[in-house]
Protein chains: 2
Amino acid sequence: MAVSRAERKKPPTSLDVARLAGVSQSTVSYVLTGSRPISEATRARVEDAIDKLGYHPNSGARTLRSQRSGVIGLMVPEADSDDGVLMVFIGAIAREAQRHGYDILLVTAQEGARGIRRVVRTGVCEALILMELDRQDERVAPVIESGLPFVTIGKPEEFPQGSVVDLDFEMLGRMVVARAVEEGCDRLLLFGSPDRKRRRNDVSRFLAGVEDSAGECELEVVLDHEALSGVPERALRLTLPNQRTALFGITGVRQALFAMAATGALVDETRLLIALSGEDLVDVSPLLAAVPQIDPRRIEVSEIAVAELVRLLQIEGAGPRITLVEPRWVEG
Amino acid sequence: MAVSRAERKKPPTSLDVARLAGVSQSTVSYVLTGSRPISEATRARVEDAIDKLGYHPNSGARTLRSQRSGVIGLMVPEADSDDGVLMVFIGAIAREAQRHGYDILLVTAQEGARGIRRVVRTGVCEALILMELDRQDERVAPVIESGLPFVTIGKPEEFPQGSVVDLDFEMLGRMVVARAVEEGCDRLLLFGSPDRKRRRNDVSRFLAGVEDSAGECELEVVLDHEALSGVPERALRLTLPNQRTALFGITGVRQALFAMAATGALVDETRLLIALSGEDLVDVSPLLAAVPQIDPRRIEVSEIAVAELVRLLQIEGAGPRITLVEPRWVEG
DNA sequence: TTGTAGGCGTTATCAC
DNA sequence: GTGATAACGCCTACAA
């Protein structure tokens, strides 16, 4: 039987700590916030008292007074087929935020612009991280309007008023082309979800990088943004006796792995799968081991996003900036 | 350039609303909380003013005064290979919580018991949802000690002081056995992650259900909790000419699907894959279509967990209870 | 049916 | 280097 709200014993306040330490309430506050010098002796007494009582400052009161909730709102997209990837970001963001003394509050995409307005106006969140923005996203307006510092993960079409952190997709394109050429491929087959291609601009940036560098060499680029399940068959069909085709996709790596493994090798004289690997693919790591892999660095992107937000929050006058993280080849 | 904290214009308070509506501050409050009858006329004026100003009650002040933060803490496990599944739960929980007027704050497993103590003592969370508890979990103690209402998703060994919501794994076991027999199978091969089997007790409950009902029929049960990748080969090896083997696993369904599809049919005279399907498997739905599927009802489990927590929060004297959700066959 | 006023626990501005 | 004290914005018991 749960203890009722009323009979639950009240946690100690800073006044209790002050009394036990024989100092004033404000001194306790200063010890905690460090916003004014305190003698070693009294600091020790106060900290003792804090431990003894198991005191934690009341979040509501602190927020009310200081206008800082210590909470960062994380706008999460509706779960789609890429759930595993999403969880990697969310986990890393939450851990990094906690390391900086902030908590993460979920704001679902479902709530839309109204949800943003709510968490902002009520003062629950003092900053925001936005993930997977569409090209035109109704949720951007209330964020800007709120004036709160924010970071978007994923580079939007236009430079917004907040900071941006993302993988360098253009470089990714150049890396894939370079590797394909090195490995003696004549053709590069790019697969992926057609829906994603339409809605998000990371695909366009990637393609820009590909075309940019493919132009300089003899590599023929083929776009295959039809259903993922047909990837290996189409790849085989497109393959000619004396040619070698490299395959790559930003999404659908797992499906491609399985499908190709089922109909033949991931790597042989006629084809070479290059994988955008990631923490969500641990379950297929044996398969992955056979192919060249690029790390999309999702953990780093997440951590940088949080660090960047903390910078905007804590450094007065800090301006927004763009950080593109370089993809990396995974060493065999 | 972000607007600095100081120059950001302050949101309207209930006093602003009161002035605009020509009533007292308390009347505004009563309109909002509904804790006292208000005449239609003044209610209308107040609501008008609220809209006009875009007023939202300040969360810090409300929390301080009422001891309710409107925030539910969600203890999320470290991301593992089952990330997609996790995201289904989290998304559904966040959406359902919002429908009830609560927000979800993430508490990572990494923070451990100390994290629980922190969010509880500071008053950020007024209730908790615990996911994926280990058999012995250090985080349970501080939760109970806090006296806050809580719900665990996943039935623990012992009945805790909070409510429990989970899939009925015993019934799942009986359903799998019954179907295998109906389909003319002589043998049931159970695969899954050995680690999970050791740490979590849903597997034991499932096995109890299986053994319970397998005893009554001629079905031979084989446990295969070695590496998932070997599943289809072992299944084939174990298969005898005149026999039919049913295959089932609580985890690793996607891997099994791909692996079996690669080495032969999912369903033929010698074998029958039964899949624990779920929202995280959309990417392989074409494969799934060919086999009998059981819905693990993760969305329902999530929604019930939230509803149950809301009940504990809002109904004075409500006691904890156990809710087991029945698995369901997915209709072809 | 509505208004008045006190206090929730902190932070930060005054004083000393 | 430290202490008193006034808000922060809301809820609700008490008055009218």
Side-chain angles (χ1 to χ4, degrees), chain A residues 5-6 8-47 49-50 53-71 101 120-124 126, chain B residues 5-6 8-47 49-50 53-71 101 120-124 126:
Chain A
R5 198 184 297 276
R8 205 146 56 218
K9 80 160 180 299
K10 291 179 1 179
T13 73
S14 64
L15 189 59
D16 297 326
V17 174
R19 276 199 280 257
L20 182 55
V23 298
S24 85
Q25 199 180 13
S26 54
T27 300
V28 175
S29 174
Y30 286 120
V31 168
L32 252 54
T33 62
S35 60
R36 126 168 152 185
I38 298 280
S39 77
E40 249 335 299
T42 60
R43 140 165 290 122
R45 291 221 313 290
V46 169
E47 283 172 347
I50 288 179
L53 296 175
Y55 167 79
H56 286 264
N58 179 284
S59 150
R62 172 173 275 191
T63 305
L64 176 58
R65 184 58 234 232
S66 65
Q67 310 292 357
R68 312 199 178 139
S69 63
V71 171
V120 160
R121 300 304 286 267
T122 58
V124 219
E126 54 173 311
Chain B
R5 197 184 299 276
R8 205 147 55 219
K9 83 160 180 295
K10 294 188 344 187
T13 73
S14 64
L15 189 60
D16 297 325
V17 174
R19 276 199 280 257
L20 181 56
V23 296
S24 85
Q25 197 182 16
S26 59
T27 301
V28 176
S29 176
Y30 285 120
V31 168
L32 251 53
T33 62
S35 61
R36 129 168 150 183
I38 299 280
S39 78
E40 249 335 300
T42 59
R43 141 164 290 122
R45 291 221 312 290
V46 169
E47 284 173 345
I50 288 179
L53 296 176
Y55 167 77
H56 285 265
N58 178 282
S59 150
R62 173 174 275 193
T63 305
L64 176 58
R65 186 53 235 244
S66 64
Q67 309 291 359
R68 315 201 172 138
S69 63
V71 171
V120 160
R121 299 303 289 264
T122 58
V124 215
E126 54 173 312

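So that the names make sense, note that chain A is the first sequence line, chain B the second, and so on, each numbered from 1.
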| task | Would you check, one step at a time, whether the test side-chain contact (heavy atoms from CB on, under 4.5 Å) holds for A:S69 with A:V124? | result | CA-CA 6 Å; A:S69 63; A:V124 219; 5.7 Å; no

Base, sugar-phosphate, or nothing for [X], non-hydrogen atoms under 4.0 angstrom?
X     : answer
A:S29 : base
B:V28 : nothing
A:I38 : sugar-phosphate
A:T42 : sugar-phosphate
A:S26 : base

Approximate separation, where rounding is to 0.5 Å, of [X] [atom1] and [Y] [atom2]:
X      : Y     : atom1 : atom2 : answer
A:R65  : A:S29 : CZ    : OG    : 9.5 Å
B:I50  : B:H56 : CD1   : NE2   : 9.5 Å
B:R121 : A:L53 : CZ    : CG    : 9.0 Å

| message | Can you give me the bend angle of the helix from C:dT1-D:dA16 to C:dC16-D:dG1? Use the axis through the first five pairs and the one through the last five, nearest 10 degrees. | response |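 Between the first-five-pair axis and the last-five-pair axis there is 40°.
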
Interatomic distance where [atom1] belongs to [X] and [atom2] belongs to [N] [whole Å]:
X      : N      : atom1 : atom2 : value
A:L32  : C:dG9  : CG    : C1'   : 12 Å
A:E40  : D:dT2  : CD    : C1'   : 15 Å
A:Y30  : C:dA12 : OH    : P     : 7 Å
A:H56  : C:dT10 : NE2   : C1'   : 16 Å
A:D16  : C:dG9  : CG    : C1'   : 11 Å
B:R68  : D:dC11 : CZ    : P     : 11 Å
B:R121 : C:dT10 : CZ    : P     : 12 Å

| For B:S59, what residues pass the side chain to side chain donor-acceptor pair (under 3.5 Å) criterion, not counting sequence neighbours? |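 Expected list: none.
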
| request: Show the numbers, then the answer: is there a side-chain contact (heavy atoms from CB on, under 4.5 Å) between B:I38 and B:V46? | output: CA-CA 10 Å; B:I38 299 280; B:V46 169; over 6 Å; no

| query | Is the base of C:dT1 touched by the side chain of B:R36 through a donor-acceptor pair closer than 3.5 angstrom? | reply |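 Not at all, since no donor on one side and acceptor on the other fall under 3.5 Å apart.
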
| Heavy-atom side-chain contact between B:T42 and B:R45 under 4.5 Å |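 A side-chain contact under 4.5 Å exists here.
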
| said: So A:R62 and A:L32, do their side chains get closer than 4.5 Å, heavy atoms only? | reply: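 Yes; the side chains approach each other to less than 4.5 Å.
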
| request: Would you please confirm or rule out a distance under 4.0 Å between OP1 or OP2 of C:dT2 and any side-chain N or O of B:S39? | output: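 So the side-chain polar atoms of B:S39 do come within 4.0 Å of the phosphate oxygens OP1 or OP2 of C:dT2, strictly under.
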
| task | Please assess A:N58 against A:T13 for the test side-chain contact (heavy atoms from CB on, under 4.5 Å), listing each intermediate value before the final yes or no. | result | CA-CA 8 Å; A:N58 179 284; A:T13 73; over 6 Å; no

Just the table, please: protein N/O against nucleotides 6-9 of chain D N/O, every pair under 3.5 Å.
| residue | atom | partner | partner atom | Å |
| --- | --- | --- | --- | --- |
| D:dA7 | N3 | A:R65 | NH1 | 2.7 |

